[in-house]
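Values below: all heavy atoms of this structure, side chains included; hydrogens, waters and symmetry mates excluded. All residue numbers refer to positions in the sequence shown, counting from 1.
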Amino acid sequence: MKQFTVSPARCRAFLPVLPFIEEGKMLANFEDDSSSSGGELTPTRKSSNQHNQQNTTILSSLRSLLLVISSALICFAAARNTITWHCQRFWGASGDFWQAQWDRFLDAIGEDPIYLWVYGTSILTFCVYWIFGGIYTFLDITNKPAALRRYKIQPGTNEPVDTKKLLKVIWCVFINQTVVSIPLSFVFYYAMRYRGVTNVRELPTFHWVLLELAMDILLEEIGFYYSHRILHSKYLYKYIHKQHHEWTAPIAVTAIYCHPLEHVFSNLIPPFLGVFVMGSHVATSWLWFSLAILSTLNAHSGYHLPFFPSPEAHDFHHLKFNQCFGVLGLLDRIHGTDTNFRSTRAYARHIMMLSFVPPREAFPESNSCKHKLDIKVLFYDQDCYLRHLY
């Protein structure tokens with residue numbers, strides 16, 4: 001296989017062909033080979049057989065997905081009566097309690113829908129973001145407790161975080177949460193009123209809440225993935241999305257550190273899609289928005305903590321730019337935009353850790369030179385990708 005050395009200064013030579021590279025493979029057509037160059041990065045071309053193999057992998061993944069969904073539906077149908085009985089038993093025991101608490105809450109603050117949908121949602125999301133984001137920020141500023149640094153996804157980054165950059169992030173997030181989010185909350189409220197959602201007194205059933213949350217997750221994946229892919233197009237990246245990617249090693253509160261237009265179309269509208277389609281109760285919406293905020297804080301935290309969902313995929317996206325655009329990873333697999341990610345040790349770590357062993361210790365790099373090579377690949381990827389966008 002013919003090899004050739006590419007330095008960042010020579011990336012301009014590749015610019016004429018970059019726009020024609022197949023989607024999801026902008027930089028995926030190069031493999032790293034440092035064995036013959038004394039540690040120097042020497043990308044090599046992938047063969048067409050590997051491209052065909054990727055298409056086969058996508059079809060295999062789709063078949064596996066259909067098999068899992070079909071199996072789940074069969075199991076659910078078989079155990080449907082038992083599941084329903086247990087759910088009804090649980091909801092019968094606790095439903096009256098939650099309804100009573102909700103009634104007390106509405107009696108205290110009133111049940112004007114506009115206050116609940118606009119001001120209630122704004123206050124709740126603000127508090128959830130900064131309470132839990134503040135905990136992560138404390139870790140980033142103080143580096144304490146020191147034991148948690150073993151769970152850093154990119155060791156040595158933001159230890160401690162730069163104060164000037166952090167203040168810039170906090171100010172931008174505050175503007176997005178007030179100047180941008182609150183006016184859009186009025187739009188969302190009138191959309192829900194048009195949808196016919198007016199009753200706020202009666203809480204939905206337990207079964208319906210579970211169904212709504214499932215739809216919320218699915219529709220957010222669709223909305224976020226495609227809006228995110230669009231933001232990585234040449235001009236939108238340069239003028240809008242580049243701000244969010246200033247952090248190649250993100251911290252939690254950078255989750256909505258972005259251009260206002262990105263905040264609207266990529267952060268606010270995708271989570272709202274399921275709420276609108278399902279005609280969700282305001283209480284269910286608050287539950288979903290809280291879960292979505294906790295998810296994005298975790299995804300940007302830079303920590304792969306035990307018993308938490310894995311943030312490896314989105315952290316890899318910030319590191320490499322052109323991989324892992326979605327939330328669940330489902331559409332990344334279908335479109336092949338996680339190919340490079342699945343060939344790294346980060347993919348092996350992309351699981352929920354059910355022990356206190358740090359992921360980097362449970363799944364160490366294959367050799368001692370790997371970290372240095374990753375740094376070189378990072379600079380190569382970033383330089384070529386950003387030059388292409390300009």
Side-chain angles (χ1 to χ4, degrees), residues 105 109 115-142 148 153 158 160-163 165-189 213 216-217 220-221 223-224 227-228 231 241 243-247 249-275 280 282-305 308-311 313-315 317-318 327:
F105 175 74
I109 70 166
Y115 280 98
L116 295 171
W117 279 103
V118 177
Y119 302 112
T121 301
S122 299
I123 293 171
L124 174 73
T125 53
F126 186 91
C127 291
V128 171
Y129 190 93
W130 286 110
I131 289 173
F132 291 94
I135 295 173
Y136 281 116
T137 304
F138 175 81
L139 302 179
D140 294 323
I141 293 174
T142 64
L148 289 183
I153 299 175
N158 302 315
V161 66
D162 183 86
T163 304
K165 292 177 63 179
L166 177 61
L167 291 176
K168 180 182 177 183
V169 168
I170 292 173
W171 174 248
C172 175
V173 170
F174 178 76
I175 293 298
N176 280 337
Q177 288 181 318
T178 54
V179 177
V180 179
S181 296
I182 294 178
L184 195 65
S185 295
F186 280 95
V187 176
F188 289 165
Y189 162 69
L213 291 177
D216 291 337
I217 293 170
E220 185 202 25
E221 168 74 359
F224 181 78
S227 65
H228 196 183
L231 286 170
H241 194 48
Q243 178 181 350
H244 185 67
H245 273 282
E246 290 174 6
W247 291 76
I251 60 175
V253 291
T254 61
I256 58 173
Y257 170 69
C258 59
H259 190 281
L261 288 178
E262 176 180 348
H263 186 53
V264 171
F265 291 102
S266 194
N267 294 338
L268 297 179
I269 292 180
F272 179 71
L273 291 176
V275 173
S280 297
V282 65
T284 309
S285 303
W286 288 356
L287 173 61
W288 161 239
F289 292 152
S290 298
L291 293 175
I293 290 172
L294 293 176
S295 174
T296 191
L297 288 173
N298 178 64
H300 289 85
S301 67
Y303 292 90
H304 190 164
L305 298 173
F308 278 52
S310 170
H314 195 72
D315 195 274
H317 172 75
H318 275 262
V327 179

*Mind running side chain to side chain donor-acceptor pair (under 3.5 Å) on Q177 and W130 for me, showing each step along the way?*
CA-CA 11 Å; Q177 288 181 318; W130 286 110; 2.7 Å; yes
*Could you give me the CA-CA distance, side-chain angles and deciding distance for H318 and H245, then say whether ring-ring contact (aromatic ring centres under 6.0 Å, His included) is met?*
CA-CA 6 Å; H318 275 262; H245 273 282; 5.0 Å; yes
Value rounded to 0.5 Å, distance of [atom1] in [X] from [atom2] in [Y]:
X    : Y    : atom1 : atom2 : answer
Y129 : S290 : OH    : OG    : 14.0 Å
S285 : D216 : OG    : CG    : 7.5 Å
L297 : F132 : CG    : CZ    : 9.0 Å
S227 : I269 : OG    : CD1   : 8.5 Å
N158 : S301 : CG    : OG    : 11.0 Å

*Walk me through it: do Y119 and L124 pass the test side-chain contact (heavy atoms from CB on, under 4.5 Å)?*
CA-CA 8 Å; Y119 302 112; L124 174 73; over 6 Å; no
Using only atom types and a distance under 3.5 Å, with no angle test, would you say the side chain of [X] pairs donor to acceptor with the backbone of [Y]?
X    : Y    : value
S295 : L291 : no
N176 : Y257 : no
T296 : I293 : no
T137 : G133 : yes

Show the nearest heavy-atom pair for residues [X] and [Y], with the distance to one decimal.
X    : Y    : answer
G302 : D315 : CA-OD2, 3.9 Å
S122 : S185 : OG-OG, 3.8 Å
C258 : N267 : SG-ND2, 3.3 Å
P250 : T254 : CB-OG1, 3.6 Å
V275 : P271 : CG2-O, 3.9 Å
V118 : I182 : CG1-O, 4.3 Å

*Please name the residue in the list N298, D140, I251, I153 that meets the side chain to side chain contact (heavy atoms under 4.5 Å, CB included) test with Y303.*
D140
Is any side-chain heavy atom of [X] less than 4.5 Å from a side-chain heavy atom of [Y]?
X    : Y    : result
W288 : E220 : yes
F224 : L273 : no
Y136 : L305 : yes
I141 : P160 : no
C172 : Q243 : yes
S310 : H304 : yes

*What's the verdict on side chain to side chain donor-acceptor pair (under 3.5 Å) for W286 and T121, showing C-alpha distance, side-chain angles and the deciding distance?*
CA-CA 7 Å; W286 288 356; T121 301; 3.0 Å; yes
*asked:* In terms of relative ring orientation, are H244 and H314 parallel, tilted or perpendicular, with 30° and 60° separating the classes?
replied: tilted
*Quick one: do L116 and F105 satisfy side-chain contact (heavy atoms from CB on, under 4.5 Å)? Show the steps, please.*
CA-CA 11 Å; L116 295 171; F105 175 74; 4.3 Å; yes
*Just jot down the side-chain hydrogen bond (donor to acceptor under 3.5 Å, both in side chains) partners of S181, sequence neighbours excluded, or say none.*
H263
*Is there a side-chain contact (heavy atoms from CB on, under 4.5 Å) between I217 and V327 once you walk through the steps?*
CA-CA 9 Å; I217 293 170; V327 179; over 6 Å; no
*Do other residues, nucleotides or ligands put more than 12 heavy atoms under 6.0 Å from F289 CZ?*
yes
*Can H241 and E262 be counted as having a side-chain donor-acceptor contact under 3.5 angstrom?*
yes
